[in-house]
Number of protein chains: 2
Amino acid sequence: MTTIKDIAKIARVSIGTVSNYFNNPDLLSKETYEKIRIVIDDFNFHPHSAARSLKSQHTRKIGIIPVVSPQDNFGALPSDNVFLEFLAAANAASAERGYGILMEAVVDDHLQVEKYKKLIGEKQVDGFLLLGTHVRDERIMYLLDEKFPFISFGRTEIGQPYPYVDVDGAKGIEDAVAYLAGLGHRRIGFIKPPDGLMCSKIRLEGFMNAMEKFNCVIDPNAIVEGDFSEESGKISLEKIIDSGCLITALFTPNDLAALGVMRAMSERSIKPGKDISIIGFDDLKLSAFWNPSLTTISQPIRHIGLLAVNALIDILEERDEFPQIIVEPRLVIRESTAIVA
Amino acid sequence: MTTIKDIAKIARVSIGTVSNYFNNPDLLSKETYEKIRIVIDDFNFHPHSAARSLKSQHTRKIGIIPVVSPQDNFGALPSDNVFLEFLAAANAASAERGYGILMEAVVDDHLQVEKYKKLIGEKQVDGFLLLGTHVRDERIMYLLDEKFPFISFGRTEIGQPYPYVDVDGAKGIEDAVAYLAGLGHRRIGFIKPPDGLMCSKIRLEGFMNAMEKFNCVIDPNAIVEGDFSEESGKISLEKIIDSGCLITALFTPNDLAALGVMRAMSERSIKPGKDISIIGFDDLKLSAFWNPSLTTISQPIRHIGLLAVNALIDILEERDEFPQIIVEPRLVIRESTAIVA
DNA sequence: CTGATAAATTGAAACGTTTCAATTATTATA
DNA sequence: TATAATAATTGAAACGTTTCAATTTATCAG
């Protein structure tokens with residue numbers, strides 16, 4: 001195995017100089033640099049990452065700990081495609097800056113904090129990327145306690161400042177309510193994401209505020225808790241209808257649930273987009289292709305992934321304090337919403 | 001920072017014994033083991049992973065190198081959701097066996113092999129997981145050359161034996177042709193996945209064989225090349241229709257493309273599932289919910305992810321030679337196929 | 001109780017880097 | 001030309017483990 005030592009010997013410099021080649025190239029004279037470059041190219045040499053990490057105490061790796069079960073899908077995450085898009089962007093951005101992403105799944109929600117402890121203790125990563133924050137997020141409280149670098153996609157209600165990127169869900173809902181109100185809707189239903197999730201709280205607040213502002217009717221029966229699945233959309237719709245509550249429009253936790261809602265409507269001969277307007281959240285690629293195509297609150301998820309990773313690496317490298325970034329969602333109007341009948 | 005040394009001192013044993021606690025626990029006497037356990041629990045100690053890797057020359061990490069662009073989606077991968085499902089399963093399975101997954105994206109196809117070289121040179125991972133194999137896959141040829149452990153999801157046409165898990169795409173198509181033939185279809189179209197991909201070749205062969213077997217009409221105009229996108233489905237359909245070729249059924253590279261085909265049909269007043277039967281590939285969760293719901297060849301993708309990771313770790317740990325696993329796809333019959341009009 | 005054997009434990013030498021104080025070479029200044 | 005200041009380079013020590021030959025302790029047969 002070739003090491004920095006071999007390179008040094010062949011290039012007729014000291015190992016410290018070869019080390020500087022990688023870590024402080026501007027300390028080297030042009031000639032020395034070139035001399036070393038040739039040898040390294042020649043051997044296709046790459047420095048041993050574990051040795052580097054051992055000495056330098058950083059890994060140039062970012063950790064992500066998803067909750068996975070072999071049957072189900074990624075667990076506490078906003079929703080599948082959103083996660084994939086986020087991951088794609090995060091991966092691209094981190095690769096760009098010379099970082100890798102270490103994923104180590106946890107099969108049970110409760111083991112999550114343990115896993116963070118483990119990865120920190122083993123010094124496997126320099127920082128973490130968190131998704132799907134809770135109102136009081138244990139992981140964030142733990143990482144804050146440990147002063148371990150991280151950034152979350154999503155806020156929480158923890159008092160201390162901490163780094164996050166989030167989408168302004170309240171604003172998204174407010175814009176949508178304004179739009180619906182403009183179409184004449186007053187009786188608007190709302191399927192909340194699961195309780196405990198921060199996005200759920202934020203969006204609900206936005207909903208309540210906007211409803212009041214536009215003189216809409218807030219019917220408690222029209223506000224039900226669901227989750228991000230297609231199935232849940234169906235169940236939630238049934239719950240609202242069966243309560244005898246009459247609505248002309250409905251918010252869903254995400255596009256997938258919106259699809260479930262639309263299917264359930266068809267089964268009951270309610271025409272989605274005509275009898276009841278539907279608004280999703282996320283803007284999956286597919287949502288434009290459904291029938292009716294889905295009006296939805298679009299999260300710029302790739303942009304969020306990019307921002308998150310870059311902000312995290314800034315923290316890691318330049319000790320930028322607490323980046324707190326809010327991005328605007330965008331209401332994408334399609335066929336699933338219409339003027340009130 | 002606590003080290004094995006501190007633990008050793010406090011537990012009044014040698015550092016070698018503490019090391020054995022982690023690596024050869026059965027060498028220790030029950031009492032010694034317990035003594036150490038208590039100290040370790042007390043300190044919440046985790047051994048430094050870089051130090052372990054440096055000495056032991058393995059990392060307990062599995063590499064995945066996706067092709068990502070900040071705009072587009074994961075590139076050379078079968079299709080988005082398939083990748084996510086695979087990743088979820090792979091993550092769960094590897095976590096189970098004490099491995100993490102290191103993802104380091106590459107922004108350009110051509111840089112792929114370079115990235116493999118880098119990760120190998122830096123000793124970042126013990127093995128690789130490859131997806132989306134090509135007929136002559138450069139990555140596989142390189143890894144084989146280097147004798148570096150890997151397993152691929154997908155076969156190639158390289159002469160040497162190497163480890164893979166694959167779905168029997170030919171069988172899947174054959175079953176589907178048999179099914180269509182049973183419904184009276186004879187003029188069946190086929191949208192190929194991109195040329196160069198191994199799955200493309202395998203499926204086309206299956207198609208040709210089955211068509212012959214069932215006395216179907218092979219019209220060259222009915223066989224076009226597409227890709228895994230919705231857009232491509234649309235274009236491919238138009239190409240076939242515009243060629244004047246009359247078909248009663250059509251295979252698509254995946255469910256997404258099938259959706260595009262169905263949309264394009266609607267635009268031309270062709271009724272998907274009635275005028276032309278459509279068969280997808282993958283069986284996305286959503287496919288059951290489209291209108292018409294999609295008949296498709298289902299890949300047991302989570303199972304494949306599990307098998308792949310376990311086979312790879314077997315190679316790494318027990319030097320199991322060349323696992324070569326083929327799993328059967330399953331034809332899922334829904335509304336997008338019907339008796340020929 | 002002895003000697004032989006097996007089981008448990010020890011500790012020093014690596015693994016391949018980074019770091020940094022010390023040294024040497026180069027350049028600028030008077 | 002001598003001196004000071006700066007730029008380049010050096011190499012030994014450390015990072016926290018694993019490994020393994022050597023040593024100690026325990027067990028067993030006779």
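Each chain gets a letter, A, B and so on, in the order the sequences are listed, and its residues count up from 1.
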**Message:** Just the rounded figure in Å: distance from P of D/dA14 to CD1 of A/Ile15.
**Reply:** 14 Å
**Message:** Under a 3.5 Å distance rule, please check whether B/Asp137 uses its side chain to pair with a backbone N or O of B/His134 as donor and acceptor.
**Reply:** yes
**Message:** For DNA chain C, which residues of residues 114-126 of chain A approach it to below 4.0 angstrom with any heavy atom?
**Reply:** none
**Fill in**
In terms of heavy-atom contacts, A/Asn44 and A/His46 come closest through OD1-NE2, 3.2 Å
**Item:** Whether A/Asp6 side chain and A/Thr3 backbone form a donor-acceptor pair below 3.5 Å
**Value:** yes
**Prompt:** According to the interplanar angle, ranging from 0 to 90°, do the rings of B/Phe86 and B/Phe153 count as parallel (below 30°), tilted (30 to 60°) or perpendicular (above 60°)?
**Reply:** parallel
**Message:** Measure CZ/A/Arg12 against C1'/D/dG11 and give the value in whole Å, please.
**Reply:** 17 Å
**Asked** What are the two closest non-hydrogen atoms of B/Leu54 and A/Leu54, and how far apart are they?
**Response** CD2-CD2, 3.4 Å
**Asked** What is the distance, rounded to the nearest whole Å, between atom NE2 of A/His48 and atom P of D/dG16?
**Response** 17 Å
**Complete:** Note: B/Asn91 and A/Pro66 closest approach over all heavy atoms is ND2-CG, 4.1 Å
**Asked** Looking at side-chain heavy atoms only, is the closest gap between B/Ile120 and B/Phe128 below 4.5 Å?
**Response** yes
**Message:** Main chain of B/Arg155, side chain of B/Thr133: is a donor-acceptor contact present, judged purely on distance under 3.5 Å?
**Reply:** yes
**Prompt:** In whole angstroms, how far is the C1' atom of C/dT19 from the CZ atom of A/Phe22?
**Reply:** 16 Å
**Message:** I need the residues from residues 24-46 of chain B with at least one non-hydrogen atom less than 4.0 Å from DNA chain C; give them sorted by number, or say none.
**Reply:** B/Leu27, B/Leu28, B/Ser29, B/Thr32
**Contacts of type side-chain contact (heavy atoms from CB on, under 4.5 Å), residue B/Ile325, not counting sequence neighbours** = B/Val165, B/Leu307, B/Ala311, B/Val327
**Close aromatic pair by centroid cut-off 6.0 Å: A/Tyr21 and A/Tyr33** = yes
**Prompt:** Of all heavy-atom pairs between B/Met103 and A/Leu87, which one has the smallest distance, and what is that distance?
**Reply:** SD-CD2, 4.1 Å
**Prompt:** Whole Å only: how far is the NZ atom of A/Lys5 from the C1' atom of D/dA12?
**Reply:** 11 Å
**Message:** Heavy atoms only, 4.0 Å cut-off, all strands: where does A/Thr3 land among base, sugar-phosphate and nothing?
**Reply:** sugar-phosphate
**Message:** Near DNA chain C, counting only heavy atoms under 4.0 Å, which residues of residues 52-60 of chain B show up?
**Reply:** B/Leu54, B/Lys55, B/Gln57
**Asked** Would a line drawn from the ring center of A/Phe150 to the ring center of A/Phe148 be shorter than 6.0 Å?
**Response** no
**Prompt:** What's the verdict on salt bridge (Lys or Arg N to Asp or Glu O under 4.0 Å) for A/Glu104 and B/Lys61, showing C-alpha distance, side-chain angles and the deciding distance?
**Reply:** CA-CA 10 Å; A/Glu104 201 154 309; B/Lys61 281 181 197 58; over 6 Å; no
**Prompt:** If you take all heavy atoms of B/Pro161 and B/Leu144, which pair is closest and at what distance?
**Reply:** O-CD1, 4.3 Å
**Request:** Compute the bend angle of the helix from C/dC1-D/dG30 to C/dA30-D/dT1 from the end axes (five pairs per end), rounded to 10°.
**Result:** 30°
**Prompt:** Can you check whether A/Thr17 has a side-chain N or O nearer than 4.0 Å to OP1 or OP2 of D/dT10?
**Reply:** yes
**Asked** Any donor-acceptor pair under 3.5 Å linking the side chain of B/His58 with the backbone of B/Arg60?
**Response** no
Is there any protein nitrogen or oxygen under 3.5 Å from a nitrogen or oxygen in nucleotides 22-28 of chain D, and what are the pairs?
none

**Prompt:** Hey, do the aromatic rings of B/Tyr116 and B/Tyr142 have their centres closer than 6.0 Å?
**Reply:** no
